[in-house]
Amino acid sequence: MPTVNDSKLGRPIHVAVCMKMTPDATDLTIDPVKKTLDRSKVKNIINPPDENAFELALHLKDRVGAQVTVVTMGPPFFDVMLRETVARGADRGVLITDRAFAGADTYPTSLTLAAGIKRISREFGDVDLILFGEETTDASTGQVGPGVAGHLDTDQATYIHSLEYDPKTGECKALRSIGGGHEVLKLPLPACVTCELGINTPRLASLNGKLRGIDTELVVWNLGDLTDIQEPTWVGLKGSPTIVGKVDISSGDERDCKTLGGAKDAVDELFERKVVVGGA
Ligand SMILES: Cc1cc2nc3c(=O)[nH]c(=O)nc-3n(C[C@H](O)[C@H](O)[C@H](O)COP(=O)(O)OP(=O)(O)OC[C@H]3O[C@@H](n4cnc5c(N)ncnc54)[C@H](O)[C@@H]3O)c2cc1C
């Protein structure tokens, strides 16, 4: 594997990949009292686009010898995912876990991950590129990547479908689809980038890799280890400005669905319905 120093950094690029496990989307239940996902009853998998973000990082490792750190904020059982990423080629896995982080919405999730990345930079060398999936299959906001970019004050590109990095210039070029074409984004480092689902084919771990994943010592940090978080009220449920007021479960077959006829009739009926709604 070639190791290519970045001309500006004088060392190979350090890529952090933020990944999480999500409930298998075919198997979701919601606790009717707490109004949160009931995570105890579902099978968890690696959030699918995070697999693509990770594969992109491994591609940079293959091409220019990037250092790859995977980081997750979540419960202790997320260690399975970190071991799998080490098995596939990550240099290390970092698990940020503490009861204080439970119930976090996207703001404290981003803040906690940003604090974790600052600590990774201090312990293992400055992080230059931070990769994310486009969104999760559970809360699906797509806010965490841009949130981390905000907390770390880096440039960002979202929903990219390819990324190239040139060690000679120290710049990344990212492409993202827009209606009828694509945008070309030039990013100086450090930068945060969120990756679309399916941009590459995630590799499988080799047998030797699997053994390395089992044997690896994960880095495990709790709230006290993240010194950039000065108050416990900044994280978890207490640090979450959004409140889930009510969760309704739709069976999908209660919709009042009516197929309208030709264009003129359809327009007339829609106008008519608006009058009824407006007058109600
Ligand atoms: C209003 C609201 C209330 C919520 N309340 C609860 C609750 O009470 N209990 C609860 O368990 N969950 C709750 N959630 C879900 C939880 O906040 C989110 O799962 C979490 O904040 C991440 O947001 P997201 O899933 O939308 O991530 P997105 O922004 O869609 O994720 C984008 C990418 O960011 C990265 N990423 C996201 N989360 C992590 C992570 N933890 N570690 C590493 N990388 C990550 C991944 O690369 C992911 O692909 C709530 C969400 C909302 C919107």
Side-chain angles (χ1 to χ4, degrees), residues 15-23 25 28-42 44-57 68-82 85 90 93-117 120 127 129-152 156-160 192-199 202 218-221 226 234-247:
V15 184
V17 192
C18 292
M19 298 177 67
K20 76 179 266 196
M21 298 192 80
T22 48
L28 288 183
T29 51
I30 290 178
D31 183 316
V33 180
K34 291 190 204 152
K35 295 166 187 149
T36 53
L37 287 176
D38 188 350
R39 291 171 195 266
S40 63
K41 294 196 181 128
V42 289
N44 287 278
I45 56 171
I46 298 177
N47 184 51
D50 301 5
E51 297 254 21
N52 299 115
F54 178 55
E55 180 59 33
L56 185 58
V68 177
T69 301
V70 175
V71 56
T72 189
M73 180 196 91
F77 74 81
F78 280 16
D79 72 331
V80 178
M81 172 184 70
L82 294 176
T85 61
V94 177
L95 174 63
I96 299 175
T97 188
D98 196 306
R99 292 186 86 85
F101 299 136
D105 70 11
T106 55
Y107 184 81
T109 300
S110 309
L111 183 76
T112 306
L113 287 172
I117 285 159
I120 290 168
V127 173
L129 176 65
I130 307 156
L131 299 178
F132 304 81
E134 59 175 298
E135 59 182 45
T136 60
T137 51
D138 52 4
S140 318
T141 65
Q143 293 173 358
V144 169
V148 172
H151 290 301
L152 295 177
Q156 60 175 293
T158 53
Y159 298 97
I160 66 101
C192 287
V193 172
T194 78
C195 305
E196 274 185 342
L197 176 67
I199 57 171
L218 297 173
V219 179
V220 182
W221 290 330
L226 301 185
W234 290 4
V235 297
L237 200 55
K238 287 188 184 146
S240 298
T242 49
I243 294 164
V244 181
K246 186 168 182 273
V247 174

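Counting starts at 1 for both ligands and their atoms, following the listed order.
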**Request:** Hey, could you give me the OG1/CG distance between T242 and D105, rounded to the nearest 0.5 Å?
**Result:**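 Result: 3.0 Å between the selected atoms.
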**Request:** Run the contact test for V71 against ligand 1 with a 4.0 Å cut-off on heavy atoms, strictly below, and give the result.
**Result:**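 Judged by the 4.0 Å heavy-atom criterion, V71 does count as contacting ligand 1.
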**Item:** From CD1 (I117) to SG (C192), nearest 0.5 Å
**Value:**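 Between I117 CD1 and C192 SG, I get 6.5 Å after rounding to 0.5 Å.
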**Prompt:** Of the listed options (I46, D50, T106), which comes nearest to atom 49 (O) of ligand 1 when hydrogens are ignored and any heavy atom counts?
**Reply:**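 Checking each option, the heavy atom nearest atom 49 (O) of ligand 1 is found in D50.
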**Inter-residue atom distance D50.CG - K20.NZ, 0.5 Å rounding** =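 NZ of K20 is found 8.5 Å from CG of D50.
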**Result of checking P49, C195, C18, P146 against F132 for side-chain contact (heavy atoms from CB on, under 4.5 Å)** =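 Result for side-chain contact (heavy atoms from CB on, under 4.5 Å) with F132: C18.
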**Atom pair OG1/CD of T141 and E135 - distance to nearest 0.5 Å** =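 Between T141 OG1 and E135 CD, I get 7.5 Å after rounding to 0.5 Å.
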**Asked** Looking at ligand 1, does any of its N/O atoms fall within less than 3.5 Å of an N/O of M73?
**Response**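 Right, the criterion is met.
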**Prompt:** Can P49 be said to touch ligand 1, with heavy atoms closer than 4.0 Å?
**Reply:**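 Distance cut 4.0 Å: P49 fails for ligand 1.
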**Message:** I'd like to know if the side chain of N47 reaches the main chain of T137, judged simply by a donor and an acceptor atom lying under 3.5 Å from each other, with no hydrogens or angles considered.
**Reply:**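 Yes.
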**Request:** Identify, by atom number and element, the atoms of ligand 1 in contact range of S140, meaning under 4.0 Å from any of its heavy atoms.
**Result:**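 Close to S140: 25 (O), 26 (O), 30 (O).
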**Request:** Provide the number and element of each atom of ligand 1 under 4.0 Å from a heavy atom of F132.
**Result:**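 Listed by number with element, the hits are 34 (O), 35 (C), 47 (O).
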**Request:** Select one of side chain, backbone, both or neither to describe which atoms of N47 lie under 4.0 Å from any atom of ligand 1, heavy atoms only.
**Result:**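 Contact part for N47 vs ligand 1: side chain (C-beta onward).
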**Item:** T109 N/O to ligand 1 N/O under 3.5 Å
**Value:**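 Right, the criterion is met.
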**Prompt:** Is there a donor-acceptor contact under 3.5 Å from the side chain of T72 to the main chain of G74?
**Reply:**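 Not at all, since once roles are kept as given, no pair shorter than 3.5 Å links the two residues.
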**Message:** Is the contact between I243 and ligand 1 made by the side chain, the backbone, both, or neither, using heavy atoms and a 4.0 Å cut-off?
**Reply:**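 Neither part.
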**Request:** Would you mind telling me if ligand 1 is within reach of the side chain of T242, the backbone, both or neither, using heavy atoms under 4.0 Å?
**Result:**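 Side chain only; the backbone of T242 stays clear of ligand 1.
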**Asked** What do you reckon, does L113 have a nitrogen or oxygen under 3.5 Å from a nitrogen or oxygen of ligand 1?
**Response**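 Looking only at distances, the answer is no, because the N/O contact criterion of under 3.5 Å is not met.
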**Message:** Check this for me - ligand 1, G145, N or O atoms closer than 3.5 angstrom, yes or no?
**Reply:**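 Not met; the criterion fails.
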**Request:** Could you tell me whether a side-chain N or O of T194 sits under 3.5 Å from a main-chain N or O of Y159, the two making a donor and an acceptor?
**Result:**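 Judged by distance alone, yes, a pair lies under 3.5 Å.
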**Request:** Report, in ascending order of atom number, the atoms of ligand 1 lying under 4.0 Å from any heavy atom of Q143.
**Result:**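 Matching atoms, with element in brackets: 29 (O).
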**Item:** Identity of the nearest option to atom 22 (C) of ligand 1, non-hydrogen atoms only, from L95, T194, V144
**Value:**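 Among L95, T194, V144, the closest heavy atom to atom 22 (C) of ligand 1 belongs to V144.
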**Asked** N44 side chain to M21 main-chain N or O, any donor-acceptor pair under 3.5 Å?
**Response**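 Between the backbone of M21 and the side chain of N44 there is no qualifying donor-acceptor contact (under 3.5 Å).
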**Message:** Using a plain distance cutoff, I'd like to know if E134 has any nitrogen or oxygen under 3.5 Å from a nitrogen or oxygen of ligand 1.
**Reply:**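 Between E134 and ligand 1 (N or O atoms, distance only) the closest approach is not under 3.5 Å.
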**Separation between OG of S140 and CD of E134, rounded to the nearest 0.5 Å** =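 Between atom OG of S140 and atom CD of E134 there are 9.5 Å.
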**Message:** Within the 4.0 Å heavy-atom shell around D138, which atoms of ligand 1 are there?
**Reply:**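 Result: 19 (O), 25 (O).
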**Prompt:** Of all the heavy atoms in A104, does at least one lie under 4.0 Å from an atom in ligand 1?
**Reply:**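 Judged by the 4.0 Å heavy-atom criterion, A104 does count as contacting ligand 1.
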**Message:** Distance check, rounded to the nearest 0.5 Å: T85 atom OG1 versus M19 atom CE?
**Reply:**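 One finds 6.0 Å between OG1 of T85 and CE of M19.
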**Per atom 5 (N) of ligand 1, closest listed option by heavy atom (G133, G142, G103, P241)** =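 It is G103 whose heavy atom sits nearest to atom 5 (N) of ligand 1.
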